[in-house]
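Proteins come first, then strands; the chains are lettered A, B, ... in the order of their sequence lines, and each starts at number 1.
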Protein chains: 4
Amino acid sequence: MNPTDLPVPHKRERRKQDRPGELLDAALDLFVEKGFAATRVEEVAARAGVSKGTLFLYFPSKEDLFKAVVRENVVHPVTQGAGEMAHFKGTSGELLEWMMLQWWHRYGATKASGISKLIMSEATNFPELAAFYRQEVIEPGQALVRTVLQRAIAQGEFRPVDVELALHSVMAPLLFLVMWKHSMGPCCPVSEQIKPEQFITQHAQLLVRGLSLPQTP
Amino acid sequence: MNPTDLPVPHKRERRKQDRPGELLDAALDLFVEKGFAATRVEEVAARAGVSKGTLFLYFPSKEDLFKAVVRENVVHPVTQGAGEMAHFKGTSGELLEWMMLQWWHRYGATKASGISKLIMSEATNFPELAAFYRQEVIEPGQALVRTVLQRAIAQGEFRPVDVELALHSVMAPLLFLVMWKHSMGPCCPVSEQIKPEQFITQHAQLLVRGLSLPQTP
Amino acid sequence: MNPTDLPVPHKRERRKQDRPGELLDAALDLFVEKGFAATRVEEVAARAGVSKGTLFLYFPSKEDLFKAVVRENVVHPVTQGAGEMAHFKGTSGELLEWMMLQWWHRYGATKASGISKLIMSEATNFPELAAFYRQEVIEPGQALVRTVLQRAIAQGEFRPVDVELALHSVMAPLLFLVMWKHSMGPCCPVSEQIKPEQFITQHAQLLVRGLSLPQTP
Amino acid sequence: MNPTDLPVPHKRERRKQDRPGELLDAALDLFVEKGFAATRVEEVAARAGVSKGTLFLYFPSKEDLFKAVVRENVVHPVTQGAGEMAHFKGTSGELLEWMMLQWWHRYGATKASGISKLIMSEATNFPELAAFYRQEVIEPGQALVRTVLQRAIAQGEFRPVDVELALHSVMAPLLFLVMWKHSMGPCCPVSEQIKPEQFITQHAQLLVRGLSLPQTP
DNA sequence: GATGAATGAGTATTCATTCAT
DNA sequence: AATGAATGAATACTCATTCAT
């Protein structure tokens, strides 16, 4: 019995259907590592185990492949967590820390986070993609954080700081971590690697402490 | 009368001495904007107002031009301010904020900051340059911040947090600002631009508050 | 009915296998005619009936093409004839004449002899090729001639001349003929062309007569 | 007193007047070594101790420089010796050997002999120069040898061989020696160098013996 | 005359894209 | 659908030639 109740395709068939996915995976790796221009489509095809010609069967051009890679891997990590967030029990400060760690585990630590590096690196060459990314990823993320901060301020948990600026104090370290991971990170000796969870945890706690009202004993 | 009392070089001579600088300027702009691979040497030459051949008179290859651009523009903004730092009057918290703002004015806000974006984007293609950048820019900056944090903790001004992690809470927003400025920034509507000084100021104050010992009334 | 009983390859396949050979042929012609530097790869490709890009599919660089041309066309005309030589019936003098004519027919008169001109012309630019040629062509040829001369002397057929010098009296005219054919030859009016077989025949006879012991009546 | 009775120019002046000569010398060396296309005018100028611009003051183009090099160095070695030849005492055989050795000492052994190699190598690229060379060098040389051979035959000293073919038996080894010296020679270990005078001497003697009538005791 | 900085036409080489099989 | 041979536009780099100083 097949526990998922899904039809099991023949191996051959499945592979065929996965072709675009395998190509996108290979392309993600290479685009992140080398950038758009320095990546050769032949290398992408080779890594996906198909011929150059096959790639063009699925993607009409290198640029289209690039756009597909971005659109495919741009997930909505914070938004996905939005539902769970509703059930979160704890202070706003704890929520903020939890959100940042969630973002790291769901996105920052995954291969998909290479997209952020890619977008940053190629933004001026692909402004539409940059705009797309802002709209689909940055804005929703900011909206979520904004809500948390505004509520915390309204509830007297946080001081009435400039929320739009505080937003960036939350997101900058996350984007920084991702950029670092995909650029300088591979060049650093192991001993000097940044430890993401620990950094996020301490950063969140510093921020929360900085945002909190002074304790009135 | 020549007011500067300096010998006036002939037009040809003066231009000759200026060539490398003009080319490096043009190349910085284009490399930052389009990345290494997508920048054509002819375009660099044209922007510097010379022909393709002239560029190769001063730089033996495109890669050498790239390296020269990096080495030329990698300044040591924090280190430069190290002397003045010694005379700073104020708390460690004020010093930290002052340092971050100085860094922005001396480097982040200038064209040279494009180097940081460039390095991050091309790090995996030019690992030697990435290592060079870490050694010449990141490390000295971190050392400076480390000193300040350690002293503040020793003096009982800051809580005994993990200094290596706190370092990144200081530097991440700065590098983030620079990346943003050279990537997403140009794609954003004016209304949504990040205001660097205000962000840095608030971020510094949040951090300092988060690092400070609780007030003992 | 396929008279050869061989599978008939598709047009594309057949052409593919022929490509390297066609390119080498075209390159031989042009390199011999114009030298290495003055030959454009595009011209080679055009003469082989393919595009510039195709050439680089088979040879990674112009220099590699050049080396392949040399290695491909360096045949061992004298050595090839070594087997037949064993069965030769006649005097050493007749053998010498026969060898020289054989060399001409098997090599000197063919397109491949352009290689000798090429090597001589480009020897200082490609010393490895010159060494290769000496080792693969010159040395074996000299060895063969040396053997014949030494045996003839040992058998009292030839006078005891300096064999190493006599070697060159045999080979110089042959190499001269080849050089001439590919350089001055095409510039000469037909009436002044050197007639290779006649020249070789007379030269061989002069040499043999010069080498022979005086007739003892 | 100046023994030559020529005005002694100032050093500066003399150098100026020698400029073309120094350039031609430098160019000869380089053209012979690398061929026409692979020789850079800048290198020629540098070797002559002047700037690239100065070269073009004296020679309107690289091709003109090449032609000047050829015309300047094409001497008439055999013809020059023609006068002395008239006073030669000895047999035709001795004369032939003497002529060949003279040619070597006056031309083959000198730097100017590089011209022969150059002409052979570049003949198809510069047919006018090849024709010029044939007319100015080859033909007169052949004419001289032809005269000697014809006379020797007429006088019953030599057998009535085909003079036009015998010509080449005289000249081929000489041209071969020159080609070798400037191409394969530099690539050969010292132990395998051809010794020109000894080779010429033995070759001449073989030829003369081959040409001579059988001794009638 | 002499210089050497500047030029730009020319060439090797790369690589996205096409298409016959 | 899949292949990979073929293409040719694009681009880094060279070098003979010019010309202002």
In whole angstroms, how far is the P atom of dT11(F) from the CD atom of E63(B)? 18 Å
F66(B) ring center within less than 6.0 Å of F59(B) ring center: no
K34(A)/E43(A) ion pair, N-O < 4.0 Å: yes
Ranking F56(B) and S51(C) by the position along DNA chain F of their nearest nucleotide, the one closer to 5' is S51(C)
Does one side chain, of S116(D) or S113(D), offer a donor that lies under 3.5 Å from an acceptor on the other? no
In this structure, how many angstroms lie between the P atom of dA1(F) and the CG atom of L23(A), rounded? 13 Å
When you match L57(B) and G53(C) each to their closest nucleotide on DNA chain F, which lands nearer the 5' end? G53(C)
Pick base, sugar-phosphate or nothing for K52(A), based on heavy-atom distances below 4.0 Å to the nucleic acid. base
Applying the 3.5 Å cut-off to both distances, the Watson-Crick or G-U partner of dT3(F) turns out to be dA20(E)
Near-strand residues of residues 33-43 of chain A, defined as heavy-atom separation under 4.0 angstrom from DNA chain E: T39(A), R40(A), V41(A)
dA6(F) phosphate, OP1 or OP2, under 4.0 Å from T54(C) side-chain N/O: no
Rounded to whole Å, how long is the line connecting atom CZ of F31(B) with atom P of dA12(F)? 9 Å
Measure from CZ on R19(C) to P on dA5(F) and round the result to the nearest Å. 11 Å
Between C1' of dT17(E) and NZ of K62(A), the distance in whole Å: 12 Å
Would R71(D) and E136(D) satisfy salt bridge (Lys or Arg N to Asp or Glu O under 4.0 Å), going step by step from the backbone distance to the final call? CA-CA 10 Å; R71(D) 285 170 204 276; E136(D) 298 291 318; over 6 Å; no
Ring centroid separation F36(D) to F126(D) under 6.0 Å: yes
Measure CG/D64(D) against P/dA16(F) and give the value in whole Å, please. 14 Å
Rounded distance in Å - CG (L55(C)) to C1' (dA12(E)): 10 Å
Between K67(A) and E128(A), is the closest basic N to carboxylate O distance under 4.0 Å? yes
Side chains of L24(A) and L65(A) in contact at under 4.5 Å (non-hydrogen atoms): yes
Under 4.0 angstrom between Y58(C) side-chain N/O and dA6(F) OP1 or OP2: yes
